[in-house]
Amino acid sequence: MSLSMTVPASDDGNLSRRLTACDDITCNYGRCVLVDEQPTCECKLGYIGETCNETINDALSVPLTLGVLAFIIGFIILLFVLAFFRRRIKARKRKKAAEEAQLRNGAHL
């Protein structure tokens, strides 16, 4: 990979200072650029941070984990609620069947 840099004809020796400024900073997944004559990392897609050492996924891991956990807990609560109502409906059906059986048996006596 070759790095080409255009230098204005009126450059008065600042080129070496600009080139050595990036020697002080290590950009893990990016390249060093000068912004207002200060070395700064320009990160590749998917990386963030001062030295491009964090992935975007790292920044999302906590909210994503909490979201998945909340979904799972919500799903479990929903299952318990459905089981409760199902049990309640079955109890009503049993009670109704028992009452009908009593009426039938009581009418035959």
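Being a predicted model, the structure only gives us computed values, none of them experimental.
- You'll find the side chain of P39 reaches within 4.5 Å of the side chain of L34, heavy atoms only.
- For the two cysteine residues C41 and C32, the thiol sulfurs sit 2.5 Å or further apart.
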Could you list the donor-acceptor pairs under 3.5 angstrom formed by side chains in residues 65-91, with sequence neighbours left out?
from	atom 1	to	atom 2	distance (Å)
T65	OG1	S61	O	2.6

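- Taking a 4.5 Å side-chain heavy-atom cut-off between Ile, Leu, Val, Met, Phe, Trp and Tyr, the cluster of L45 contains only that residue.
- Sequence neighbours left out, the pairs with a member in residues 40-53 that pass side chain to side chain donor-acceptor pair (under 3.5 Å) are R31-E42.
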Under the side-chain contact (heavy atoms from CB on, under 4.5 Å) criterion, do E99 and K95 qualify, and how do the steps go?
CA-CA 6 Å; E99 288 174 355; K95 184 177 179 183; 3.6 Å; yes
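- Of the two cysteines examined, C43 and C27, the SG atoms fail the criterion of being under 2.5 Å apart.
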